[in-house]
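First comes the structure, then the notes that go with it.
Each chain gets a letter, A, B and so on, in the order its sequence line appears, and its residues count up from 1.
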2 protein chains.
Amino acid sequence: MQDSTTQTTKQAGRNKRSQAVSADLIAVVIAVTDGEPRVLTIEQAQALPSGPFELGHRSLQSGLRAWVERQTGHPLGYIEQLYTFADRDRTGDERVQISISYLGLTREEQAQGPSTQGWRGWYDYFPWEDHRAGVPLILPDILVPRLLAWAGDAEDPNMRRDRRQRVVYAFGLDDCDWNEELVLQRYELLYEAALVAEATRGRDKGSAPVVPGRTMIADHRRILATGIARLRTKIKYRPVVFELMPPAFTLLQLQRTVEALAGRLVHKQNFRRLIEQQNLVEETGETTSDTGGRPAKRFRFRQTVLAERTVAGTKLPLSRA
Amino acid sequence: MQDSTTQTTKQAGRNKRSQAVSADLIAVVIAVTDGEPRVLTIEQAQALPSGPFELGHRSLQSGLRAWVERQTGHPLGYIEQLYTFADRDRTGDERVQISISYLGLTREEQAQGPSTQGWRGWYDYFPWEDHRAGVPLILPDILVPRLLAWAGDAEDPNMRRDRRQRVVYAFGLDDCDWNEELVLQRYELLYEAALVAEATRGRDKGSAPVVPGRTMIADHRRILATGIARLRTKIKYRPVVFELMPPAFTLLQLQRTVEALAGRLVHKQNFRRLIEQQNLVEETGETTSDTGGRPAKRFRFRQTVLAERTVAGTKLPLSRA
DNA sequence: CTCTTTATGCTCTAAATGAGTATAATTAGG
DNA sequence: CCTAATTATACTCATTTAGAGCATAAAGAG
């Protein structure tokens with residue numbers, strides 16, 4: 001980077017070895033259908049949709065939005081940037097590859113075209129992340145033992161302790177509670193411990209310790225983990241779940257959506273209390289008896305909330321003890 | 001972007017009109033000295049340090065880190081990405097300019113070289129953001145009247161209402177409380193209302209409605225606002241203030257640092273309660289009587305916390321009623 | 001020795017949160 | 001028609017957390 005004596009930033013950007021660079025956009029597009037969180041994929045569900053940044057769009061975001069809307073036939077209600085990273089190894093040539101990843105929320109229903117088959121349940125990629133029906137057996141049976149073994153394998157005693165501590169915290173062992181937000185940390189630990197196929201890819205195939213969970217090309221599964229983590233964090237303080245819901249819905253449907261994203265169940269009555277308290281929704285006047293029991297009132301999100309969206313908050317009963 | 005039928009993402013990135021792009025890094029480097037938050041600047045305090053991304057670093061982050069450390073003579077304890085944006089208008093040619101902005105935390109003390117003069121109090125750029133001594137007079141006297149006038153100027157009644165609502169919320173009017181996190185929203189409103197010089201730059205100089213606050217080139221002040229907002233949010237749930245503190249400090253010093261960042265005062269006793277409760281610090285054993293009254297115990301951050309940093313949380317009494 | 005100043009310990013109240021009980025309004029099945 | 005099952009919805013209660021204030025301790029200034 002430049003010295004503080006250089007003339008202006010912009011000039012410095014052009015004069016000094018300005019690198020030839022190519023930019024890619026990568027999208028983590030999420031929908032929740034039938035209480036299952038899904039992600040839009042390509043390449044037999046092995047890759048996230050992505051492509052080169054095209055000149056001609058006003059901004060990165062607008063390019064992404066246009067493309068996703070063409071694919072899904074749905075407006076992308078919400079987009080946010082995830083992370084930008086640079087990679088030299090990816091392409092053989094001199095060029096630096098810059099990838100800008102985004103998180104987008106939409107609804108899967110009535111999506112047309114070939115992309116329909118592209119929706120995949122995100123727990124296919126992260127089976128250890130779904131705790132709605134209790135702790136998945138893969139955790140105590142396979143992952144935790146192997147992770148602890150990996151931790152114990154370190155030569156340096158400090159590293160042993162450090163690894164063990166990270167595993168304990170990330171996977172909620174001992175007296176730590178499971179924290180659903182640590183999706184990325186967990187994936188990275190599994191990667192470090194060479195327990196996901198991506199970690200050993202291209203190297204020794206022999207010791208490939210395959211554990212449950214669908215893989216993806218390059219670092220796409222890592223990006224997906226980033227997106228899930230971000231979304232799990234975000235739903236707690238910003239009303240983004242709305243983007244995943246149909247125009248009218250019952251409170252239980254809303255709750256199931258939140259639970260699908262968080263990968264854990266919430267207390268029904270408290271969930272209702274919080275949602276109603278915050279004035280995020282209003283009754284449509286109708287009721288449904290689709291659900292089996294007593295008919296439920298249908299709700300819609302309040303107009304005002306949508307207008308104030310950038311600043312409004314949401315709370316959900318997803319705290320950690 | 002590509003179709004879902006294209007072969008692989010990486011190939012698509014190279015085959016299809018892969019745009020010529022140049023990448024810039026922009027850094028918001030923050031320190032707190034004598035209870036004042038400062039930002040590292042260049043160009044007579046009119047620009048944030050930035051420069052082209054250089055091939056030869058492992059990652060974007062490492063390039064930034066090396067550069068800043070060379071400049072400040074201090075290790076950058078903490079770096080995080082802020083935002084990536086693309087601009088075509090900036091450079092006259094065909095190239096797309098991609099700027100990746102970062103937030104970095106360090107300590108100003110004993111920084112050597114010409115960059116020493118580059119530290120500037122961040123409230124020079126955002127005088128309306130410092131509420132430690134009460135509501136700054138610029139707000140009721142200048143900004144709020146002008147913002148409300150701007151809101152009323154809209155032709156469409158819906159837009160009038162919308163603008164007014166945004167001003168009310170962002171600036172804590174009516175029964176809304178001041179929310180120190182909304183730094184960016186406030187700057188954007190002022191920009192929209194053409195109350196900051198950046199908004200009218202290059203166009204009609206006549207009606208330039210100059211309000212207090214130092215300006216910067218291009219969109220650097222906007223990026224700084226993004227950094228401040230991020231930091232104000234972050235200190236509430238992650239122990240990043242530590243990076244801004246000397247090795248040993250009193251609880252009051254810590255409190256003053258938090259207050260400097262948040263731009264508002266906190267309840268002393270409750271602050272202490274929260275910090276001690278969370279086991280983030282430990283006593284060094286020494287005391288200082290530098291402060292005038294009863295000598296204060298000195299503290300340091302706990303080693304373990306630093307090790308667990310990626311996952312540990314912090315709470316601060318900065319909630320909004 | 002007293003006033004001022006900062007440090008530090010403790011109490012009190014209100015609000016938020018987690019968890020459970022009770023009742024209402026349906027449908028399914030006999 | 002009656003009963004069980006199922007979901008919706010209204011309340012209650014105990015615990016925690018957060019905001020605010022009071023009281024005491026330990027220094028320096030005059």
*Just checking, A:Arg186 and A:Trp178: is the charged tip under 6.0 Å from the six-membered ring centre and within 45° of the axis?*
yes

*Under the side chain to side chain contact (heavy atoms under 4.5 Å, CB included) rule, what do A:Gln255 and A:Ile275 come out as? Steps first, then yes or no, please.*
CA-CA 10 Å; A:Gln255 181 183 345; A:Ile275 296 297; over 6 Å; no

*Spell out yes or no: do the side chain of A:Gln269 and the base of D:dT12 have one donor N/O and one acceptor N/O closer than 3.5 Å?*
no

Under 3.5 Å, N/O pairs linking protein and nucleotides 24-29 of chain C:
| unit_1 | atom_1 | unit_2 | atom_2 | d |
| --- | --- | --- | --- | --- |
| C:dA24 | N3 | A:Arg294 | NH1 | 3.2 |
| C:dA25 | O4' | A:Arg294 | NE | 3.4 |
| C:dT27 | O4' | A:Gly292 | O | 3.2 |

*Nearest whole angstrom, please: distance from the P of D:dG21 to the NE2 of B:His267.*
8 Å

*Ignoring the backbone of B:Arg273, work out which of D:dA18, C:dT17, D:dA8 is nearest its side chain.*
D:dA18

*Roughly, in whole Å, what's the span from CZ in B:Phe271 to P in D:dA20?*
16 Å

_Structure string for DNA chain C in dot-bracket form, Watson-Crick and G-U at under 3.5 Å, | interchain_ = ||||||||||||||||||||||||||||||

*asked:* Let me confirm one number: the CZ-CG distance from A:Phe299 to A:Leu280, rounded to the nearest 0.5 Å.
replied: 11.5 Å

*asked:* A side-chain contact here means heavy atoms from C-beta on lying under 4.5 Å apart; do A:Trp119 and A:Glu36 qualify?
replied: no

*Could you give the distance from CZ (A:Arg120) to CZ (A:Arg38), rounded to the nearest 0.5 Å?*
10.0 Å

*Please give, in whole Å, the distance from D:dA25 C1' to B:Lys297 NZ?*
11 Å

*For A:Gln253 and B:Gln277, take the nucleotide of DNA chain D holding the closest heavy atom to each; which residue's nucleotide lies nearer the 5' end?*
A:Gln253

_Distance in angstrom units between A:Asn270 CG and D:dT16 C1', rounded_ = 14 Å

_A:Tyr83: partners by ring-ring contact (aromatic ring centres under 6.0 Å, His included), with sequence neighbours left out_ = none

_Side-chain N,O (A:Lys268) to OP1/OP2 (D:dA8) below 4.0 Å_ = yes

*asked:* In this structure, how many angstroms lie between the P atom of D:dA10 and the CD1 atom of A:Ile275, rounded?
replied: 15 Å

*What is the nucleic acid contact for B:Leu252, judged by heavy atoms within less than 4.0 Å: base, sugar-phosphate only, or nothing?*
sugar-phosphate

*Determine the sole option in B:Leu231, B:Ile228, B:Leu103 for which the side-chain contact (heavy atoms from CB on, under 4.5 Å) test with B:Val28 is passed.*
B:Leu103

*Which atom of B:Arg166 lies closest to which atom of B:Leu189, heavy atoms considered*: O-CD1, 3.7 Å

_Just verifying a value: how many Å separate A:Leu261 CG and A:Ile30 CD1, rounded to the nearest 0.5 Å?_
8.0 Å

*asked:* I need the CZ-C1' distance between B:Arg272 and C:dC10, as an integer number of Å.
replied: 13 Å

*Within this structure, what is the CD-to-P distance between B:Glu276 and C:dA7, rounded to whole angstrom?*
12 Å

*Would you mind reading off the distance between B:Leu274 atom CG and D:dA20 atom P, rounded to a whole angstrom?*
13 Å

